[in-house]
Amino acid sequence: MAEIGFNVDTTIYNDREVLSDTYSPPKVVGRNDVLKQYQNALLPVINGEEPDDIFVYGKSGTGKTECTHFILNQLESDIEEHNVPVDLERININCEGISSSYSLAIEIINSIRPMEDEISNTGYKEKRVYKMLFNELDAIGGTVILVLDELDAIDHEKLNGFLYQIPRARTNGYLENAKVGIVGISNDLTLLDDLKSDVKSSLSDKSIQFDPYDSPELFDVLKQRSDDAFLPGAVDDGILRHCAAIGADNGGDARKAIDMLRESADISRAEDADEVLSDHVRRAKEQLQSEEVITSISSLSQNEKITLYALVTLTADGSEKPRSRRVYERYEKLAESGGERSVRYRTVRDYLAELDTLQITNRDGENGGPDGNYRTHELNEQVSVEEAVNELSGVIKICGVHTSIEDVPTAPDTL
DNA sequence: TTTCCACAGGAAGGTACGGTCT
DNA sequence: AGACCGTACCTTCCTGTGGAAA
């Protein structure tokens, strides 16, 4: 048996927490222009006026959330420091997993109320929910900023209700004590297009766009973090530039670049290396891509997993880029063998579209032949068969071994 | 040129479910 | 207990597309 032992890290990290998602750096790097816009948009707050609603948009990892918290922290400390007579309360809601205005209102109510007074997610009439919400906000009083992160997670059209109600609550007499402003953070600009015109016009007045970071900006971000995170000599600027370049190639996402740096350093530390090397970065990149896909697979529904499993077995059978109909036929067989009720072809097409969106598979449109246009599907090159089969093991147990799954290679070869 | 075929995808509606209200 | 509410998941229907065949 190999000898197992733990060594205290004396060469790489000074403070690994600095590279975590939850860490807020004391200074924001490379976003001065948007911070200025933010500052202007929030001026009514410090003057005790009704706050404007602000719409913040940009791709993920462009610093929207970080800048929002930074500027609001700054606002709070300035109010305190200069004894400004403004009672400011901030309510942070992450909208991931929230599907409608109704659910959002309930989420806010429950975030204000103590645990024992929380209400359930369904059952109440919508009007009643808004009444409860306004009561809670009014009880807080003063200026209340609702920070709604990942607002685009909510079905765009279903957001109209909430975004219509809140700004008008005061004029309609539902709010007497509280001045409520919304800061909506979205990865998706089309959110604004899908809103009703009156809702849209009030939001678009104060919208702030976050562009993706370019490579030099990402370098500055990484440099700032690495100075605190690492011991001297552990990471040189060349490694930071490497991570920055990968980040810039992946949509200018600072979070991804920081994750890449941390993963590289973890690999380096695990190997007792004195410093982070390019090879560590390369392996970290592969590992993170693979992890992302595997996480997506584990979150799929049972039928989506069977659909993916159908594609895995077809691919293992040597069927290159099978089309939707072929995947469906295999899916039906698998579902049947597992005693599951199979869904219709139309639904499986939706599953295949979802798998493509999650980048678990690649979906191509083809034109030609007697069938006109059709779609073909293949596993994303980052998904190894072994990992996919591991993640789908629950489904495989149910469906049994009725296809040529025995032939699925278990070596970590990508297909 | 028209018709047919196989397909993609949007829209609307059905159903089951977990919840509250009266 | 039964009406009602919102949600998730799914089916059905429909329109549009593009190549082949008539």
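Each chain gets a letter, A, B and so on, in the order its sequence line appears, and its residues count up from 1.
Spacing between atom OH of A/Y374 and atom C1' of B/dC5 amounts to 14 Å, rounded to whole angstrom units. Rounded to an integer number of Å, the gap from OH of A/Y124 to C1' of B/dG18 is 13 Å. As rounded to whole Å, 23 Å separates atom P of B/dA11 from atom CZ of A/R344. For the pair A/R349 CZ and C/dT15 P, the computed distance is 16 Å after rounding to whole Å. Per the geometry, CD belonging to A/E329 stands 13 Å off C1' belonging to B/dC7, to the nearest Å. The CD1-P distance, from A/I109 to B/dT20, rounds to 14 Å in whole Å. Protein atom CG of A/D350 is 8 Å distant from nucleotide atom C1' of B/dG9, rounded to whole Å. The distance from atom CZ of A/R128 to atom P of B/dC21 is 5 Å, rounded to the nearest whole Å.
Within 4.0 Å of A/Y328, counting heavy atoms only, lies no atom of the nucleic acid at all. Using a 4.0 Å heavy-atom cutoff across all strands shown, A/T347 reaches at least one base atom of the nucleic acid. Using a 4.0 Å heavy-atom criterion, one finds that A/N121 contacts no nucleic acid atom at all.
Pairing each heavy atom of A/I166 with each of A/F134, the nearest pair is CD1-CE2, 3.9 Å.
A salt bridge links A/D279 with A/R283: the distance from a Lys NZ or Arg NE/NH1/NH2 to an Asp or Glu carboxylate oxygen falls below 4.0 Å.
Distances shorter than 4.0 Å separate some side-chain N or O of A/R323 from OP1 or OP2 on B/dC7. At B/dA6, none of the side-chain N or O atoms of A/Y345 fall inside 4.0 Å of OP1 or OP2 (strictly under the cut-off). Between A/T122 and B/dT20, a side-chain N or O to OP1/OP2 separation shorter than 4.0 Å is absent.
For A/V343, counting side-chain heavy atoms from C-beta on, the closest listed nucleotide (B/dG10, B/dC7, C/dC10) is C/dC10. Considering only the side chain of A/R346, C/dT12 comes nearest among B/dA8, C/dT12, C/dC10.
With values rounded to the nearest 0.5 angstrom, A/N380 atom CG is found 9.5 Å from A/I297 atom CD1.
A cation-pi arrangement is absent between A/R349 and A/Y328, since the terminal nitrogen or guanidinium carbon is not both under 6.0 Å from the aromatic centre and inside a 45° cone about the axis.
Judged by distance alone with a 3.5 Å cut-off, no donor-acceptor contact links the side chain of A/R375 to the base of B/dG9.
A distance below 6.0 Å separates the ring centres of A/F230 and A/Y13.
The number of heavy-atom neighbours closer than 6.0 Å to CD of A/E271, taken from other residues, nucleotides and ligands shown, is above 12.
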Which is it for A/Y174 and A/D138 under the side chain to side chain donor-acceptor pair (under 3.5 Å) test, yes or no, and what are the steps along the way? CA-CA 9 Å; A/Y174 300 134; A/D138 231 14; over 6 Å; no

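In this structure, the side chain of A/K285 does not engage the main chain of A/C243 through any donor-acceptor pair within 3.5 Å.
One end of the helix from B/dT1-C/dA22 to B/dT22-C/dA1 points its axis 30° away from the other end's axis, with each axis taken from 5 pairs and the angle rounded to 10°.
Position along DNA chain B of the nearest nucleotide to A/K125 versus A/T376 favours A/T376 as the more 5'-ward residue.
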